[in-house]
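Quick notes on the structure that follows.
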Amino acid sequence: MPKENVAIKSENWRLNSHKDLNDLQKDIIESRDPNRLEVVVCHGTGCIANGSPKVSSAIRESLLGAGINVKLMPGIKTTGCHGFCSRGPLVIVRPHGFFYQRVTPKDAEEIVKKTLMEKQPVERLLYKNPKTGKTILTEKEIPFYSLQERIVLHNIGKVDPTDIKDSIASGGYQALAKALCSMSPEQVVKEVEKSGLRGRGGAGFPTGRKWRSALKAIEKKGYPAYVVVNGDEGDPGAFMDRTIMEGDPHAVLEGLIIGAYAIGAKQGYLYVRAEYPLAIKHLEIAMEQAREYGLLGENILNTGFSFDARINRGAGAFVCGESTALFTSIEGKAGNPRPKYVRSVEEGLWGKPTVLNNVETWANIPLVIEKGADWYSKIGVPKSTGTKVFSLVGKVNNVGLVEVPMGIPLVKIIEDIGGGVIGGENFKAVQTGGPSGGCIPYSLKDTPVDFDSLTKVGSMMGSGGMIVMDKHDCVVDIGRYFLRFLEEESCGKCIPCRLGLIRMRKILDGFSSGTGTKQDIDDLISLSQALQDGALCALGSSAPNPILTTLKYFNNEYLSHIENHKCPAGVCKELITYSINADKCTGCRSCARQCPKQCISGDKKKPHVINTENCIRCGICMETCKFEAVIVS
Amino acid sequence: MIKFKINDKEVQARSGWTVLETARQYGIEIPTLCFHESVASSGACRLCMVELREENWSKLVASCIYPVSEGINVYTETERVQNVRRWIFEMLLSECPSSKEVKEMAKKYGVFKTRFPVQNPNESCMLCGLCTRVCEEVVGLSAIATLDRGVHKKVGAPFLRPTEVCVACGCCVTICPTNAMRSRIDSVRSNTKMQLAKAA
Amino acid sequence: MNIEGVKISEILERYPAKPEYLIFLLQDIQKQYGFISSETMEQICDRTGVPLTQAYSVATFYQSFRLEPKGEHEIKVCLGTACHLKGGPRIVNELERRLGVKAGETTSDMKFTFDTVNCLGACAIAPVIVIDEEYHPNMTAQKLEKQIKTLGQDMTEVSEVLGHA
């Protein structure tokens with residue numbers, strides 16, 4: 001049986017050449033029956049929270065109870081995030097590709113009986129296109145997936161991230177073998193330069209140029225030099241990097257090892273946020289397995305190249321996503337950014353030449369090397385090549401992770417892939433780039449999503465969070481939210497950031513409580529300029545972006561807070577009142593029971609009334625009401 | 001020697017000098033609070049920002065740490081520079097209102113009052129970090145450090161208790177640009193040391 | 001303390017005795033004991049050669065470190081952007097009301113520690129809260145009440161004491 005051979009190899013066999021890797025890949029593929037039924041259960045953080053572990057164990061139990069011959073027993077595989085998080089828990093049955101959504105443990109028996117034994121789909125679990133009402137059988141046909149171009153995410157949802165063999169079977173480490181066995185470090189750097197790949201972490205600095213500068217710095221200063229993964233994905237509303245680390249840790253590792261080979265680094269670091277325990281676990285497993293297979297550590301693939309890496313867990317500081325703060329944190333200190341007029345490729349970790357790239361950038365490297373810069377640079381647009389992964393969240397129907405070619409119009413992501421705004425109206429704004437980015441209004445919906453176009457409209461690519469806002473979201477409120485976030489996360493070293501953010505936020509507090517003036521808007525703009533010019537690091541200098549873009553595109557909304565003391569979106573507590581629409585109220589008492597101030601009165605089955613004097617405008621009644629009878633004005 | 005211009009005037013500097021060092025050599029005034037020759041510059045107070053101008057771009061840099069290079073054009077009094085300074089002074093006037101030194105310096109640069117409410121009228125520390133840097137770099141003890149972060153940042157000893165590590169050398173008091181350390185030293189120095197000092 | 005002492009030395013020896021392992025040790029100690037006491041911090045300093053002042057500075061800089069014991073149950077409310085837009089602040093207010101403590105604090109009977117966290121990246125199921133490491137999706141005030149009830153008798157006692165039965 002070929003299967004046993006594979007088992008022997010994995011335990012005793014270091015891979016000693018590119019051929020060894022190819023043989024192993026072939027063996028693994030051959031040992032697998034392509035027609036074998038396989039139930040793939042998504043184990044991304046979203047699906048896990050929605051109960052997918054219970055779903056997979058229920059399916060396992062049902063299978064055991066069904067009395068299927070062991071040889072014909074379908075496999076159960078748990079994978080990283082499939083991306084369609086709003087429909088989770090997700091289950092896919094291969095090889096048919098039946099795509100089941102919102103699966104509960106109760107559905108397990110039917111899936112086993114109908115799909116695994118009778119090969120028929122379970123109709124009620126299939127995805128229905130909300131626009132056409134048509135039921136869709138497989139993943140590929142669902143618009144959410146079919147309109148994407150998944151190259152970085154190609155393995156995620158297919159491979160078991162805790163099994164290196166699964167990764168090798170689908171082509172993992174082929175790029176590394178190619179680089180190490182048939183390319184010189186110079187050729188690797190050239191290929192990355194030629195690909196046009198730009199850093200996915202925010203500013204979009206060309207990756208090849210960064211590697212080249214590192215080589216120049218090493219020429220001047222000598223070794224050691226380091227390669228570092230920035231997995232401190234701190235932008236609220238962004239989870240691309242988490243998904244990649246959780247779902248395809250080997251891709252990140254492979255990219256990192258290739259980078260180390262290119263600049264001759266012997267040691268690497270993966271800095272991962274503490275809030276991502278699963279990502280840390282999967283990376284640890286991946287590194288251990290890679291070492292076992294001779295793909296990490298001493299004498300990789302018997303080429304004489306040695307490199308190892310370690311994981312540094314973050315400890316809860318957003319500012320550590322900034323390169324110099326990240327380095328000080330790896331060195332074991334408080335993550336205060338260093339004032340830098342010398343770039344980190346020259347003086348990075350321990351003051352040595354360091355290449356720092358974010359997770360998604362590293363995961364792009366194997367693609368560039370394996371398929372070539374020519375192939376890569378054809379994807380996307382000339383100055384922003386390749387794809388970008390976005391986390392599409394907020395008031396959009398299809399919340400999840402999407403990968404699209406650079407340059408795609410914003411509206412296509414929101415409307416076609418994201419299925420539009422909940423309720424069917426146009427989106428009000430899309431916030432990109434997190435706390436350093438800006439709000440793009442609907443009128444700019446055709447803006448191509450690439451580095452330069454987003455900067456031009458006052459926002460930025462950032463790491464790839466895309467937060468869709470609708471008419472119930474207030475721009476003053478969102479500005480306050482980001483400023484408060486940064487205020488808490490500022491390291492406090494430089495005065496403009498430590499004292500400026502809180503004062504900017506207090507000006508916005510004034511708007512939202514109806515005490516703001518027009519002079520405040522001028523102050524806000526001037527203070528914003530002082531932060532952009534004066535702050536020590538990007539946390540402070542980019543902090544005004546969300547405020548300045550909303551002032552530019554939603555000026556009327558600010559004026560409405562200031563002049564009319566009204567919050568058009570109905571968010572700012574001190575400017576709104578809750579009331580009950582007597583026509584819609586059924587008198588079910590739900591809201592009255594939930595009201596923490598007991599200020600809703602009314603008899604059963606009769607319209608209720610809110611006593612506005614005691615009301616603290618917590619909004620729980622509105623959240624509770626199933627008949628949309630609670631209105632805000 | 002490296003040649004460049006400050007406010008359109010030719011200046012010369014040794015390699016490795018900062019813009020601030022050069023400016024002071026030529027008597028060009030640039031305000032600073034967190035700078036001191038005896039410790040490493042940290043670029044924290046941002047009062048020393050100057051504008052670098054080239055044909056089609058300009059940017060602000062902290063002159064206390066920006067290394068000089070051939071042919072750069074530095075301006076110390078542009079509108080952007082003044083805007084940063086004015087806001088910093090206004091914020092400091094509300095943050096550490098009891099510091100005479102800050103008030104004097106603000107006045108010199110045309111800032112006489114602040115539009116922001118005063119939190120603590122007795123506060124004079126603006127967290128420039130000179131005290132902690134001198135304790136670490138010059139005294140070599142690290143009896144005090146900056147604790148916490150952001151708006152909660154403060155200077156103190158571990159667990160905010162007096163520490164025996166402190167030898168009461170007074171360097172932090174001497175270097176403090178706003179005299180804030182004077183009133184704080186007793187919260188740092190442990191009692192035994194104080195008694196020893198008294199006995200001596 | 002003796003039993004603890006043995007364990008602490010085991011943790012201390014997990015890493016080379018270098019300053020760069022300070023954060024690793026603080027994390028591991030906290031994982032084991034739930035918080036970092038001043039005694040353990042001194043032991044970490046002895047091991048790594050970091051001055052106590054700097055260790056304390058690090059421990060107070062990063063949000064995840066606790067210098068005081070935490071409650072039996074830990075409730076974390078995500079306040080990422082998606083959670084903010086979908087009602088996270090309402091959950092925070094509700095918890096503050098129910099527990100009688102503010103975010104970051106522990107109830108006086110040491111039953112609950114409640115805190116807010118930055119984006120957990122589970123935006124599709126916003127607003128999300130984490131109770132003792134377990135994620136709870138699409139939280140509402142109503143669901144919160146249920147969740148709290150499932151935490152058992154403990155909670156009702158707290159509620160009664162605070163008069164929110």
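To find a chain, count down the sequence lines: A is the first, B the second, and so on, and within it residues start at 1.
- Heavy-atom minimum distance, A:Gly332 versus C:Val58: O-CG2, 3.9 Å.
- Side-chain contact check for C:Glu94 versus A:Ile620: some heavy-atom pair is nearer than 4.5 Å.
- Once rounded to the nearest 0.5 Å, the distance linking NE2 of A:His472 with CG of C:Leu85 reads 12.0 Å.
- When the candidates A:Arg313, A:Glu488, A:Lys333 are compared by the number of heavy-atom contacts under 4.5 Å with chain C, A:Arg313 comes out ahead.
- Around the NZ atom of A:Lys428, the shell of radius 6.0 Å holds more than 12 heavy atoms that belong to other residues, nucleotides or ligands.
- Proximity to chain A (any heavy atom under 4.5 Å) is restricted, for C:Ile125, to the side chain, taken from C-beta onward.
- Side chains of A:Ile48 and C:Tyr135 form no contact here, defined as non-hydrogen atoms less than 4.5 Å apart.
- At a 4.5 Å heavy-atom cutoff, the contact between A:Ile616 and chain C is made by side-chain atoms alone.
- Among A:Gly44, A:Ala49, A:Cys85, the residue with the largest count of heavy-atom pairs under 4.5 Å with chain C is A:Ala49.
- Per-residue counts of heavy-atom pairs under 4.5 Å with chain C were compared for A:Ala315, A:Ala238, A:Gly88; the largest is that of A:Ala315.
- With a 4.5 angstrom heavy-atom cutoff, A:Asn398 does not touch chain C via any of its atoms.
- Heavy-atom proximity under 4.5 angstrom to chain C picks out A:Gln594, A:Pro596 from residues 591-599 of chain A.
- Closest of all the heavy-atom pairs between C:Asn118 and A:Glu489 is ND2-OE2, 2.7 Å.
- Neither the backbone nor the side chain of A:Phe84 comes within contact range of chain C; no heavy atoms are under 4.5 Å apart.
- Using a 4.5 Å cut-off between heavy atoms, A:Ile478 touches chain C through its side chain atoms alone.
- Counting non-hydrogen atoms of other residues, nucleotides and ligands closer than 6.0 Å to NZ of C:Lys18 gives a total of 12 or fewer.
- Put simply, of A:Glu233, A:Glu331, A:Lys395, A:Arg87, the one with the most heavy-atom pairs under 4.5 Å next to chain C is A:Glu331.
- For A:Asn312, the parts lying under 4.5 angstrom from a heavy atom of chain C are both the backbone and the side chain.
- For the options C:Ala122, C:Gly87, C:Ala126, C:Cys123, heavy-atom pairs under 4.5 Å to chain A are most numerous at C:Cys123.
- No donor-acceptor pair under 3.5 Å is formed between the side chain of C:Tyr62 and the backbone N or O of A:Gly314.
- When each of A:Asp473, A:Asp241, A:Leu401 is checked for heavy-atom pairs under 4.5 Å with chain C, A:Asp473 comes out on top.
- In this structure, chain A has no heavy atom under 4.5 Å from any part of C:Glu134.
- Taking each heavy atom of C:Thr81 and A:Tyr481 in turn, the nearest pair found is N-OH, 2.9 Å.
- Contact record, A:Val319 with C:Phe61: CG1-CZ, 4.0 Å, taken as the closest heavy-atom pair.
- The residue among A:Gly335, A:Gly46, A:Ser86 with the most heavy atom pairs within less than 4.5 Å of chain C is A:Gly335.
- The interface of residues 24-32 of chain C with chain A, defined by heavy-atom distances below 4.5 Å, comprises C:Phe24, C:Gln27, C:Asp28.
- Neither the backbone nor the side chain of C:Gln54 comes within contact range of chain A; no heavy atom of the residue lies under 4.5 Å from a heavy atom of that chain.
- A:Glu623 contributes atom CD, which lies 10.0 Å from atom CE of C:Met139 (distance to the nearest 0.5 angstrom).
- Within the 4.5 Å cutoff, the side chain of C:Val130 has no heavy atoms near those of the A:Glu275 side chain.
- Atom CZ of A:Arg242 and atom CG of C:Leu120 lie 9.0 Å apart (nearest 0.5 Å).
- Heavy-atom distances place no part of A:Thr243 under 4.5 Å from chain C, backbone and side chain included.
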Practice prompt. Assess whether salt bridge (charged side-chain N to carboxylate O under 4.0 Å, His left out) is satisfied between C:Glu20 and A:Arg310, documenting all intermediate values.
Written response: CA-CA 13 Å; C:Glu20 61 177 287; A:Arg310 86 163 190 223; 2.8 Å; yes
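- Proximity to chain A involves both the backbone and the side chain of C:Ala141, based on heavy atoms less than 4.5 angstrom apart.
- Looking at A:Cys320, the atoms closer than 4.5 Å to chain C (heavy atoms on both sides) all sit in the side chain, from C-beta outward.
- A pairwise comparison of heavy atoms in C:Ala82 and A:Gly394 identifies CB-N, 4.4 Å as the closest pair.
- Closest non-hydrogen pair, A:Gly237 versus C:Cys119, comes out as N-SG, 3.1 Å.
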